[in-house]
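Excluded from the calculations below are hydrogen atoms, water molecules and symmetry mates; all remaining heavy atoms, backbone and side chain alike, are included. The chains referred to below are lettered A, B, ... by the order of the sequence lines, with proteins before strands, and numbering in each begins at 1.
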Protein chains: 4
Amino acid sequence: MTREEKARVTRDSLLNAGCAVVAAEGYASASIAKIADLAGVAHGTFYNYFEDRQALFDELLPYEGLRMRDRIEEIARGAPSGMQREFARFEAFLNYVIENEGFYRVLYEAEIFAPDAHRAHMDNIVNGYKGTLRRAMDEGRMHRLDPLQAECLIYQILGMRAYSAMQIHFAGEAAEKLAIRDAAVETYRFLIGRSLLSGKDIR
Amino acid sequence: MTREEKARVTRDSLLNAGCAVVAAEGYASASIAKIADLAGVAHGTFYNYFEDRQALFDELLPYEGLRMRDRIEEIARGAPSGMQREFARFEAFLNYVIENEGFYRVLYEAEIFAPDAHRAHMDNIVNGYKGTLRRAMDEGRMHRLDPLQAECLIYQILGMRAYSAMQIHFAGEAAEKLAIRDAAVETYRFLIGRSLLSGKDIR
Amino acid sequence: MTREEKARVTRDSLLNAGCAVVAAEGYASASIAKIADLAGVAHGTFYNYFEDRQALFDELLPYEGLRMRDRIEEIARGAPSGMQREFARFEAFLNYVIENEGFYRVLYEAEIFAPDAHRAHMDNIVNGYKGTLRRAMDEGRMHRLDPLQAECLIYQILGMRAYSAMQIHFAGEAAEKLAIRDAAVETYRFLIGRSLLSGKDIR
Amino acid sequence: MTREEKARVTRDSLLNAGCAVVAAEGYASASIAKIADLAGVAHGTFYNYFEDRQALFDELLPYEGLRMRDRIEEIARGAPSGMQREFARFEAFLNYVIENEGFYRVLYEAEIFAPDAHRAHMDNIVNGYKGTLRRAMDEGRMHRLDPLQAECLIYQILGMRAYSAMQIHFAGEAAEKLAIRDAAVETYRFLIGRSLLSGKDIR
DNA sequence: CATGAATGAGAATTCATTCAT
DNA sequence: GATGAATGAATTCTCATTCAT
């Protein structure tokens with residue numbers, strides 16, 4: 001293994017350890033000590049790879065967020081098209097949260113502990129959606145909205161996602177979580193489908 | 001002023017100082033020292049009124065949350081009825097957040113720093129909505145939903161609120177905030193109005 | 001009840017509360033708050049009766065010590081005479097400790113937390129013993145010892161008492177405590193009886 | 001000096017500083033600040049070596065106790081045998097206390113501030129004595145006692161030691177201390193020698 | 001006298017970060 | 001690059017004592 005590879009491995013260990021600790025205990029108690037211990041390196045080593053603790057925190061959300069996004073898009077691509085794809089995305093998000101409980105924490109605590117990264121993450125997601133919406137509008141699959149309204153719509157859509165995730169998070173048992181997921185998907189379909197379709201059928 | 005009144009005043013000073021500090025810097029850096037200093041009392045005095053720091057944190061959300069809720073309901077009561085009232089609520093919430101920027105922080109950081117209080121707050125709001133929904137359904141003003149689906153709907157509605165607030169929070173200038181507010185209200189009207197007003201069942 | 005009587009009642013409440021708290025939790029955590037609460041008075045009232053916390057601590061040992069001493073002497077007086085009386089005293093002390101577990105604490109922690117009172121208590125006990133010894137020597141019931149040696153003997157006797165009490169204190173069950181007590185009395189009889197009753201001088 | 005050696009040195013500094021502070025002012029006012037300052041390290045360094053303050057306290061008695069025990073046994077081994085050795089032990093203990101005034105404090109306050117360590121120390125000493133007694137009994141050098149009585153005897157012997165040490169501790173001047181020591185040894189010889197020898201001469 | 005709120009000087013403890021090895 | 005001991009600022013919390021009511 002070259003010097004460079006070894007460095008990458010160490011860096012990834014720290015990043016993964018960071019995720020694991022934040023997932024388990026939250027940013028607030030994700031100390032360098034815990035992260036370095038879990039990564040199997042000395043405390044000082046941490047600072048060879050990251051400026052400071054905040055620097056790691058700022059990388060956590062992109063690191064995890066992209067993994068989630070890829071997973072979701074992979075699934076969404078399986079859907080026939082348009083609106084169905086959005087519904088698939090919504091469901092895939094909830095599934096992802098159920099299966100990666102810790103990710104929920106990495107994500108929602110980021111607003112507080114890594115606000116810059118969170119803002120970037122939001123912009124990222126929102127911009128992705130803007131493209132999707134533009135295409136749908138161009139192809140006449142939905143109402144035409146001006147840019148501001150499109151952005152508002154996206155934020156509201158993301159809010160629905162996030163709060164359905166919270167609702168699932170509050171549920172105690174696995175079976176309950178799944179039931180909520182199904183009902184939330186149904187509700188989402190109903191709210192979005194009815195309104196955005198401008199009179200046409202869901203496709 | 002009687003001794004009891006003075007005690008109440010001191011307690012309120014601490015509570016208000018707590019709100020102010022959290023609003024300005026977040027829970028994480030709301031130290032006893034800052035709160036007590038702002039309240040104009042000695043550090044030790046804090047502990048005459050609150051078991052510990054967490055105890056204050058746990059009161060912040062109810063304290064501020066009820067104030068907001070009352071303000072919103074007061075405004076909503078002005079609306080003719082039903083759906084219009086809900087739109088008024090949504091708008092009032094956004095206005096409240098714009099006018100009380102700090103409240104946004106007290107509210108959304110609570111999920112992390114005062115999880116019990118946050119959960120209680122959510123249950124509170126959700127239950128309030130359940131009643132509203134039941135009445136609307138009983139009076140045939142909206143689709144009949146089973147309890148689980150109603151709850152999902154409520155969470156999604158609250159998510160829309162919250163993320164529209166976040167969108168506003170991200171905006172830099174006051175004028176921009178107002179523009180987003182108006183567009184968000186429009187979007188909300190569109191999403192909710194179209195779907196819930198329809199006479200058909202959910203599929 | 002006259003003003004003076006009421007004052008005495010309050011003072012006694014505080015003293016008793018002090019004993020109770022020290023007995024239960026030790027001097028170190030016997031705070032004014034706990035003592036005043038248990039006595040049923042306000043914190044400030046404490047300072048109408050005692051200079052400060054130490055002043056109460058300094059009264060605890062005399063207060064409890066005299067009670068014990070009286071009880072022991074009462075029992076010892078029942079013994080025929082001389083040496084038997086001393087054995088009775090020893091046994092009575094152990095019984096007192098068994099029956100008043102808390103007293104053990106008030107007594108032995110006093111050396112640290114109320115050193116002056118402890119010293120006075122020791123002097124008191126030692127002087128009492130000096131008289132007893134002098135009488136025994138005058139009546140030819142025991143060796144004649146010079147004053148220093150008499151004092152040494154007394155301290156050693158008190159040490160035997162104290163450490164037998166500690167041994168009992170270490171025992172977990174009541175039955176075990178009683179068995180230790182009996183064996184300790186036997187041992188004491190053996191050590192003291194054999195040596196002090198002999199007609200020869202110490203060399 | 002290797003890193004490991006330096007660490008040991010630091011740890012020992014803290015331990016010695018702990019002893020010194022406790023010896024001078026007692027456990028109650030042996031704050032981390034004082035200990036760390038005396039050891040010449042930062043406060044935080046303390047916690048690199050000890051879990052908390054109690055952890056240091058719990059090591060003080062073993063640390064000092066073993067030193068004393070070794071010193072005493074070393075001296076006792078110089079005595080011809082049996083009973084003489086025990087008298088030498090007693091005298092050596094008193095000398096140790098006279099020469100290491102602080103140790104007395106570390107030892108007797110431990111019952112309160114490091115009860116576990118104190119209990120362990122007592123068990124240790126008591127068990128050591130049990131072996132000594134068993135040998136003496138096996139070799140016919142003293143009365144045969146059943147185990148419980150042997151234990152009682154040991155506690156009483158230790159009590160004599162401890163209270164003779166207290167008596168010395170109370171004395172103001174060095175000369176007085178030495179006089180008490182001599183008289184206490186004489187008294188001890190008398191009490192123990194006479195009774196335990198089962199009719200035979202002291203050997 | 002009684003009250004109990006206010007005080008503020010400490011105490012223990014944590015932990016991000018540095019730096020000599 | 002890796003190490004991990006040292007640092008010290010910052011934080012929470014306690015409690016004896018005071019004093020205005």
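Separating the CD atom of Glu5(D) from the P atom of dT3(F) is a distance of 21 Å, rounded to the nearest angstrom. The separation between Ile35(B) atom CD1 and dT12(F) atom P is 8 Å, rounded to whole Å. In this structure, CD of Gln54(C) is placed 16 Å from P of dC15(F), rounded to the nearest angstrom. Spacing between atom NZ of Lys34(D) and atom C1' of dA12(E) amounts to 14 Å, rounded to whole angstrom units. Spacing between atom CZ of Phe46(A) and atom P of dA16(E) amounts to 9 Å, rounded to whole angstrom units. Rounded to whole angstrom, the span from the CD atom of Glu51(C) across to the C1' atom of dT17(F) amounts to 11 Å. Summarising the geometry, the separation between CG on Asp37(B) and C1' on dT11(F) is reported as 13 Å, rounded to the nearest angstrom. Remark: P of dA16(F) and OH of Tyr47(B) are 17 Å apart, rounded to the nearest angstrom.
Crowding of Glu5(C) atom CD: a count of heavy atoms from other residues, nucleotides or ligands under 6.0 Å exceeding 12. Taking a 6.0 Å sphere around CZ of Arg119(D), one finds it holds more than 12 heavy atoms contributed by other residues, nucleotides or ligands.
The residue among Asp52(D) and Ala42(C) whose nearest nucleotide of DNA chain E is located toward the 5' end is Ala42(C). Along DNA chain F, the nucleotide nearest to His43(B) and the one nearest to Thr2(B) differ in position, and the one closer to the 5' end is contacted by His43(B). Toward the 5′ end of DNA chain E lies the nearest nucleotide of Gly40(C), the other residue of the pair Gly40(C) and Ser31(D) mapping further downstream.
The Tyr49(A) side chain lies nearest to dA2(F) when the options are dT7(F), dA2(F), dT17(E). Candidate nucleotides dT3(E), dT17(F), dT13(E) were compared by shortest atom distance to the side chain of Arg53(D), and dT13(E) ranks first. For Asn48(D), the listed nucleotide lying nearest its side chain is dT7(F); candidates were dT11(F), dT7(F), dA2(F).
Between Thr45(B) and dA5(E), a side-chain N or O to OP1/OP2 separation shorter than 4.0 Å is absent. Put simply, Thr10(C) has no side-chain N or O that comes within less than 4.0 Å of OP1 or OP2 on dC1(E).
Under the Watson-Crick and G-U wobble criteria, each requiring two contacts below 3.5 Å, nucleotide dA10(F) is paired to dT13(E). Partner assigned to dT7(E) is dA16(F), using Watson-Crick or G-U wobble distances below 3.5 angstrom.
Listed for the Tyr27(A) side chain is a donor-acceptor partner under 3.5 Å among the backbone atoms of Val106(A).
Between Phe113(A) and Phe113(B), the ring center distance clears the sub-6.0 Å criterion.
For the pair Arg67(D) and Tyr63(D), the cation sits on the ring face: its NZ or CZ lies under 6.0 Å from the ring centre, inside 45° of the axis.
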